[in-house]
*Asks:* 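Could you have a look at this structure, given as structure tokens, before my questions?
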Amino acid sequence: MTQKLFYEDPYMRSFSAHVIRCDPAADESGRWEIVLDRTAFYPEGGGQPGDTGVLGNTRVLDTQESGDEVVHICSAPLEAGQKTAGEIDWNRRFDFMQQHSGEHILSGLAHRHYGYENVGFHMGAQTVTVDLSGVLSWEQLQELEQEINEIVWQDVPILEQYPSSEELSRIDFRSKKELSGWVRLIDIPGADLCACCGMHVARTGAIGLVQILSVQRFHEGVRIEMLSGKRAYDYARMNAAQNRSVSGLLSAQLHETASHVQRILEEKAALEYDLTGLRMEWLGMQAASVRGQNPALLFVPGLNPDGVRMLCTKMMAETEGVCGAFSQSPGKGWLYAVARLEPEKVRAMNAALSGRGGGKPGFAQGSLQAEEREIRSWFTANSILPPENEAL
Ligand SMILES: [Zn+2]
């Protein structure tokens with residue numbers, strides 16, 4: 001049975017111990033499983049990842065619990081019986097302690113105020129998620145966040161209790177499962193009382209800051225994304241930097257960026273509305289410039305396939321013969337829309353002018369890889385005669 005130094009002092013970063021055994025990992029990963037007589041490395045459990053760090057001259061890549069033993073997953077072996085020095089990656093561990101302690105306050109208050117249970121907890125490298133058994137709105141979570149931070153600022157101690165099973169039956173505490181035997185209760189006065197085997201900071205002040213990032217419906221309840229400690233601070237800094245950039249770009253006060261963006265979006269919508277009207281008017285004027293021609297051909301810049309189609313439609317209203325609207329597209333040659341050209345002639349056009357495309361009889365869309373001059377001469381040679389000349 002490994003002596004668990006992390007329970008005697010959660011702030012212990014380095015320690016010395018004897019190697020009890022060292023075996024190659026069963027998964028043939030080339031790693032080694034090292035068991036010591038005592039350790040400050042916390043093994044994965046209760047939603048908290050296992051510690052990493054250094055043991056003698058080997059890296060501890062992960063720490064797991066196996067029965068009464070703590071198993072250090074290491075990059076190299078150590079000799080059984082030897083004395084070794086361990087040092088855990090403290091910044092990583094302390095971050096987990098901050099995240100975990102912040103989560104206790106949130107889950108405890110959600111339980112006190114709403115009767116919800118914590119039904120899932122994940123501490124990832126970036127995000128921390130808490131799943132609650134009931135639904136909370138963003139506004140309710142904003143209130144909760146305020147109250148959590150007040151507990152943080154009150155700097156109350158985070159206490160451990162080891163009640164007997166007889167005492168335990170009289171205590172109302174949060175727990176995910178029925179517990180018996182050795183039970184460790186984490187008591188945050190005013191916020192939470194919960195059975196937990198994880199690592200926590202000594203007082204709530206060390207959590208520093210708690211921020212709730214998002215909430216979404218999840219099963220019967222919600223999944224909350226939250227950050228505590230340095231992660232919350234880094235997140236606040238990132239947001240502040242973003243807002244400062246936006247404020248600089250808009251020449252707006254920091255607290256007025258959203259209303260400025262709102263105004264710009266409204267102006268943009270109004271401009272788009274005007275632009276659509278002007279574009280239709282301009283297309284109409286272009287179409288009018290080929291009134292009565294056959295073939296009627298227009299080569300204009302900057303139209304997308306929709307614009308080319310609209311121009312050709314407007315040209316049909318001004319003419320009775322073949323219409324062709326073309327717009328040069330970077331790397332794609334000429335976009336086209338042609339009207340009143342028989343399907344076999346569209347195929348012939350595509351073949352002659354390295355084109356592709358088609359459509360319904362009398363109206364086709366596609367693209368051509370050819371010079372304007374080549375397109376014009378093909379149409380001059382291949383357009384059907386206007387109706388008044390048919391009799392000739
Ligand atoms: Zn805990």
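Just so you know, ligand 1 is whichever comes first in the structure, and atom 1 is the first atom listed for that ligand.
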*Asks:* Distance-only, no hydrogens or angles: does the Thr58 side chain make a donor-acceptor pair with backbone N or O of Ser75 under 3.5 Å?
*Replies:* yes
*Asks:* As a test of reading the structure, name the N/O/S atom of His104 that is nearest the Zn ion (ligand 1).
*Replies:* NE2
*Asks:* For the Zn ion (ligand 1), decide whether Cys194 has an N, O or S atom at a distance under 2.8 Å.
*Replies:*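 Coordinating: no.
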*Asks:* So, of the N/O/S atoms that His200 has, which is the nearest one to the Zn ion (ligand 1)?
*Replies:* NE2
*Asks:* Checking His113 against Glu147: is there a side-chain donor and acceptor pair closer than 3.5 Å?
*Replies:* yes
*Asks:* Apply side-chain hydrogen bond (donor to acceptor under 3.5 Å, both in side chains) to the pair Asp51 and Thr63, showing each step before the final yes or no.
*Replies:* CA-CA 6 Å; Asp51 279 338; Thr63 307; 5.9 Å; no
*Asks:* Rounded to the nearest 0.5 Å, what separates atom CD in Glu33 from atom OG in Ser66?
*Replies:* 8.0 Å
